[in-house]
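Just below is one structure, and these are the notes that go with it.
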Amino acid sequence: MAEFKSDFLRTLQERGFIHQISDETGLDDLFAKETVTAYIGFDPTASSLHAGSLIQIMMLHWMQATGHRAISLMGGGTGMVGDPSFKEESRQLMTIDTIEGNIASIKRCFSNYLTYGEGPKDALMINNAEWLRSLNYLEFLRDVGRHFSVNRMLSFDSVKTRLDREQSLSFLEFNYMILQAYDFVELSKRYDCRLQMGGSDQWGNIVNGIDLGHRMGTKQLFALTSPLLTTASGAKMGKSATGAVWLNADLLSAYDFWQYWRNTEDADVSRFLKLYTTLPMDEIARLSALAGSEINEVKKILATEVTAILHGRAAAELAAETARKTFEEGGLSENLPTVDVPAAELEAGIGLLSLIVRAGLAASNGEARRHVQGGAVRINDEAVSDERKVIGTGEVTADGIIKLSLGKKKHILIRPAV
């Protein structure tokens, strides 16, 4: 890969963000001589993004940090169709109300990474519903659809994979790539946007937009994709044993988010410091050289730095201190995740398996039973082996809580509520 002269591409290269660029020299020249506008699209399929989206959000962060303009495009229009890329089946269609609710919820985390405003280098948050929902179908087919070759669209990996598996691809989904390409053209015309970024699975869709722009008379457009990340053991980024690692605090606490990064595999620490923190490269090099037991301290730094960007420095340091008290001192911290249970229910007694599920430590009674049989469950730091045990007010400690633990690293406080 080329040696870049622009701050943005050099930063992305040294931190490991670059997988493919459509025209390295042309894009580098553009970044070196003017303020560039670039975008990444986010489809509102849930009320929060998860950690798998952080690599894209950090790319937008570095756009702004190196003096350029970032657009976070919310898929209020494309979300009505759903991106079929590498999915084994069609997405569930969402109502407009659901989409709008998800967008409003997702927006909350972006301002931790980007500064939005009206200035020339302030980030923009735009909803593609602005132009997609009002399209006239016949005019769109004539003016835009005529530029697309079905033969070429069928050759894209995201489509080919579905067809090779003989899984149906609806006409609705087939239109997604046309709409995404049209987004690029609209953003180019409205905001002089020259670059679309995304994960490597989006390469075909982005190149489609470049080609459509060329046919519809825009300036030259560019594509840049990041590698699709997995952990060293092959797990998908953004997923944990208990489910998605959400970015919104109402779905995942700052403490649990911190724990996810603290549990990073040794082989991933250096790479994650580069991708997910803003620490200087020389500091990352120093931390990456540490070995043995010191790597656990580096993991705590990684967890604290990633959490500080999303949840704030105070919340990150509180999470780190909570973990230290819980694991290193064997103490009980009031800042552990808490589940309120009506006092009347505790007085009547709750089955252990039901309580484990209710606390989010298992998805079903069957999974909870396996945890108990495996010796992983403790109540107030005492191992529990009886899966039929009933938990009640007798387990409430002098602190007014019940500490429910799964293994050494997952602890939930059960608090009686009036």
Side-chain angles (χ1 to χ4, degrees), residues 11-18 48-62 65 109 112-114 199 226-249 251-328 333 335-337 407-411:
T11 299
L12 256 57
Q13 184 179 39
E14 67 185 6
R15 287 182 172 267
F17 284 96
I18 298 176
S48 170
L49 299 176
H50 59 66
S53 298
L54 267 184
I55 187 168
Q56 313 303 334
I57 298 172
M58 289 303 293
M59 287 164 79
L60 291 177
H61 166 84
W62 288 115
C109 89
N112 299 305
Y113 298 88
L114 296 164
S226 61
L228 284 185
L229 278 192
T230 57
T231 64
S233 62
K236 195 172 180 181
M237 279 303 298
K239 302 283 185 182
S240 71
T242 54
V245 181
W246 300 109
L247 302 186
N248 283 24
L251 294 181
L252 189 76
S253 70
Y255 174 81
D256 286 331
F257 186 77
W258 188 94
Q259 278 293 340
Y260 172 75
W261 297 98
R262 166 63 183 85
N263 293 331
T264 295
E265 297 172 47
D266 292 3
D268 288 325
V269 173
S270 179
R271 185 168 57 132
F272 288 1
L273 284 168
K274 293 175 188 175
L275 290 170
Y276 298 115
T277 80
T278 55
L279 290 174
M281 288 300 291
D282 55 354
E283 174 66 2
I284 291 173
R286 183 187 73 79
L287 293 171
S288 299
L290 299 176
S293 61
E294 288 180 311
I295 199 159
N296 285 323
E297 295 307 310
V298 180
K299 289 180 184 181
K300 292 174 192 174
I301 292 170
L302 168 67
T304 300
E305 291 301 315
V306 178
T307 305
I309 301 175
L310 177 62
H311 293 289
R313 180 68 57 181
E317 290 177 353
L318 181 60
E321 178 63 12
T322 299
R324 189 184 68 77
K325 281 184 180 176
T326 305
F327 306 130
E328 294 173 19
S333 174
N335 298 307
L336 285 169
K408 294 180 179 179
K409 295 184 177 179
K410 292 178 183 172
H411 309 276

Which heavy atom in G199 sits nearest to a heavy atom in L228, and how many Å separate them?
-> CA-CD2, 4.3 Å
Is there side-chain contact between T278 and H61, with heavy atoms separated by less than 4.5 Å?
-> yes
Could you tell me the separation between the CD atom of Q56 and the CZ atom of F17, rounded to the nearest 0.5 Å?
-> 9.0 Å
How long is the span from the SG atom in C109 to the CG atom in L247, to the nearest 0.5 Å?
-> 5.0 Å
Would you check if the side chain of K299 reaches a backbone N or O of T264 as a donor-acceptor pair within less than 3.5 Å?
-> yes
CE/M237 to CD1/I55 distance, rounded to the nearest 0.5 angstrom?
-> 8.5 Å
Answer yes or no: is there a side-chain heavy-atom contact under 4.5 Å between Y113 and L310?
-> yes
Does any non-hydrogen side-chain atom of V306 lie less than 4.5 Å from one of F257?
-> yes
Taking the side chain as every heavy atom from C-beta outward, state whether F272 and T277 have any atom pair closer than 4.5 Å.
-> no
Nearest-0.5 Å distance, NE2 of residue H311 to CH2 of residue W258 = 13.0 Å
Hey, does the side chain of T304 reach the backbone of I301 with a donor-acceptor pair shorter than 3.5 angstrom?
-> no
Nearest-0.5 Å distance, CZ of residue R262 to CG of residue L302 = 10.0 Å
Donor-acceptor pair, R15 side chain versus L275 backbone, under 3.5 Å?
-> no
Is the shortest heavy-atom distance from the side chain of E305 to the side chain of K300 under 4.5 Å?
-> no
Closest approach of A254 to A319 (non-hydrogen atoms, all atoms of both residues) | O-CB, 4.1 Å
OG (S288) and CE (M281) are apart, to the nearest 0.5 Å, by 8.0 Å
Quick one: closest heavy-atom pair of W261 and A303, and the distance?
-> CB-CA, 3.6 Å
